[in-house]
Amino acid sequence: IKEEYKNVLSNHGIAYEEGKHTASLILNANEVVKSPGVPEKSEMMQQIRKKKIAVVSEIEFAARFTNATLIGITGTNGKTTTTSLTYHVLKNAGYNVKMAGNIGKSFALMVAEEKKETRKKLFYVLELSSFQLDGMFKTRINVAILTNITPDHLDSYNYKFQNYINSKFRITQNQTKEDAFIYCADDEVIAKEIKKRKLTAQLFPFSIKRKIKRGA
């Protein structure tokens with residue numbers, strides 16, 4: 001573990017270990033917050049799954065403790081650029097906004113350091129990988145953005161493209177009619193998938209090929 005991260009843990013009195021996993025501690029947990037970098041095929045994860053311990057992503061865990069508006073951005077390509085640009089636009093427009101997820105500081109750390117009086121006025125722009133989305137179950141993304149979908153990380157999805165597609169669409173899973181789903185209408189995979197699904201959120205497609213009535 002890098003020294004800077006050790007210091008964060010030590011300063012907050014959080015127990016940690018490095019170079020090993022103590023099964024007796026981990027397998028006694030009610031819930032495990034898994035880093036996207038930990039493969040499902042690892043021995044420890046197989047033991048956790050065998051014991052049927054709940055496994056969530058850090059995004060799912062942190063979202064329980066904030067009332068902020070969540071803007072989630074995913075896609076095979078362009079996540080980081082779109083996340084950075086969205087953050088830049090909102091910040092320069094005067095909004096109280098923070099950037100986290102697959103970029104910058106951890107979402108959980110930012111939520112832990114929130115000031116109570118600003119919580120309802122706060123926006124988080126979150127870059128979300130497919131692995132982070134896989135560990136999200138109840139998190140509601142208020143504004144979901146899907147840039148594109150092309151085959152990627154298929155070794156983690158049993159070499160089935162549809163499994164990867166399903167992972168990306170998890171960003172919409174808890175959206176309501178009050179929420180927004182922004183997506184690329186020029187992406188054939190996304191366009192085909194939307195026709196198959198019953199999406200609750202308001203749809204805002206964007207295109208560089210044709211004019212969009214309700215979108216861009």
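Inspection of the Glu193 and Tyr183 side chains reveals no N or O donor paired with an N or O acceptor under 3.5 Å. Thr176 and Asp179 are linked by a side-chain donor-acceptor pair at a separation below 3.5 angstrom, with hydrogens and angles left out of the test. Judged by distance alone, the side chains of Gln175 and Thr200 never bring a donor and an acceptor atom under 3.5 Å apart.
Judged by distance alone, the side chain of Ser207 and the main-chain N or O of Arg210 form a donor-acceptor pair under 3.5 Å. Checking side-chain atoms of Asn174 against main-chain N and O of Phe137 turns up a donor-acceptor pair under 3.5 Å. A donor-acceptor pair under 3.5 Å links the side-chain atoms of Glu58 to the main chain of Ala108, judged by distance alone. Side-chain atoms of Lys79 come within 3.5 Å of backbone atoms of Gly75 as a donor-acceptor pair (strictly under, hydrogens ignored). With hydrogens and angles ignored, the 3.5 Å screen pairs a side-chain donor or acceptor of Asn166 with a backbone N or O of Gln162. Remark: the backbone N or O of Ile208 is paired with a side-chain donor or acceptor of Asp186 at under 3.5 angstrom. Side-chain N or O atoms of Asn96 include none that pairs as donor or acceptor with a backbone N or O of Leu122 at under 3.5 Å.
For the atom pair CD (Gln47) and CD1 (Ile26), the distance works out to 9.0 Å, reported to the nearest 0.5 Å. Ile165 CD1 to Thr76 OG1: the interatomic distance, rounded to the nearest 0.5 Å, is 9.0 Å. The CD atom of Glu4 sits 11.0 Å away from atom CG of Leu9, with the distance rounded to the nearest 0.5 Å. Rounding to the nearest 0.5 angstrom, the gap separating the NZ atom in Lys168 from the CG atom in Asp134 is 9.0 Å. A distance of 8.0 Å separates OG1 in Thr83 from CG in Leu126, rounded to the nearest 0.5 Å. Here CG of Asp187 is found 6.5 Å from CD1 of Ile149. Values are rounded to the nearest 0.5 Å.
A continuous path of ILVMFWY side-chain contacts below 4.5 Å connects Met99 to Leu90, so both sit in one hydrophobic cluster. By the rule that hydrophobic residues join a cluster once side-chain heavy atoms approach within less than 4.5 Å of another member, Val33 and Val38 end up as members of separate clusters. If you chain together hydrophobic residues whose side chains sit under 4.5 Å apart, Phe123 and Tyr87 fall into the same group. Note on Ile103 and Tyr95: same hydrophobic cluster, where clusters join Ile, Leu, Val, Met, Phe, Trp and Tyr whose side-chain heavy atoms are under 4.5 Å apart, directly or indirectly. Cluster membership for Val8 and Ile14, using ILVMFWY side-chain heavy atoms within less than 4.5 angstrom, is not shared.
Nearest approach of Ala68 to Thr66, heavy atoms of both residues: N-OG1, 3.1 Å. Nearest heavy atoms, Gly37 versus Pro39: O-CD, 3.3 Å. Heavy-atom minimum distance, Thr86 versus Thr82: OG1-O, 2.7 Å. Listed here is the closest heavy atom pair of Leu70 and Ala63: CD1-CB, 4.3 Å. Of all heavy-atom pairs between Ala191 and Ala185, the closest is CB-O, 4.3 Å. Looking at every heavy atom in both residues, Ser130 comes nearest to Ser167 through O-OG, 3.1 Å.
Two residues are said to be in side-chain contact when any heavy atoms from C-beta on lie closer than 4.5 Å; Glu178 and Arg140 meet this criterion. No side-chain heavy atom of Asn102 sits under 4.5 Å from any side-chain heavy atom of Phe131. Thr81 places none of its side-chain heavy atoms less than 4.5 Å from the side chain of Thr147. Residues Ile194 and Phe181 form a side-chain contact, since some pair of their non-hydrogen atoms from C-beta on lies under 4.5 Å apart. In this structure, the side chains of Met45 and Val55 come closer than 4.5 Å at one or more pairs of heavy atoms. Side-chain contact check for Leu146 versus Phe169: some heavy-atom pair is nearer than 4.5 Å. Lys34 places a side-chain heavy atom less than 4.5 Å from the side chain of Glu40. Within the 4.5 Å cutoff, the side chain of Gln173 has heavy atoms near those of the Met136 side chain.
More than 12 heavy-atom neighbours from other residues, nucleotides or ligands sit within 6.0 angstrom of CD on Glu18. The environment of Lys6 atom NZ is dense: over 12 non-hydrogen atoms of other residues, nucleotides or ligands sit within 6.0 angstrom. Dense packing is recorded around NZ of Lys196, with more than 12 heavy atoms of other residues, nucleotides or ligands lying under 6.0 Å away. Other residues, nucleotides and ligands contribute over 12 non-hydrogen atoms within 6.0 Å of the CZ atom of Phe206.
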Q: Dump the intermediate steps for side-chain contact (heavy atoms from CB on, under 4.5 Å) on Val32 and Met44, then the final yes or no.
A: CA-CA 11 Å; Val32 170; Met44 182 53 67; over 6 Å; no
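Under the side-chain contact (heavy atoms from CB on, under 4.5 Å) test applied with Ile71, the options Ile182, Ile145, Val97 reduce to a single match, Ile145.
Using cut-offs of 30° and 60° on the angle between ring planes, the pair Phe65 and Phe61 is perpendicular.
Using a cutoff of 4.0 Å between basic side-chain nitrogens and carboxylate oxygens, Glu60 and Arg170 are not scored as salt-bridged.
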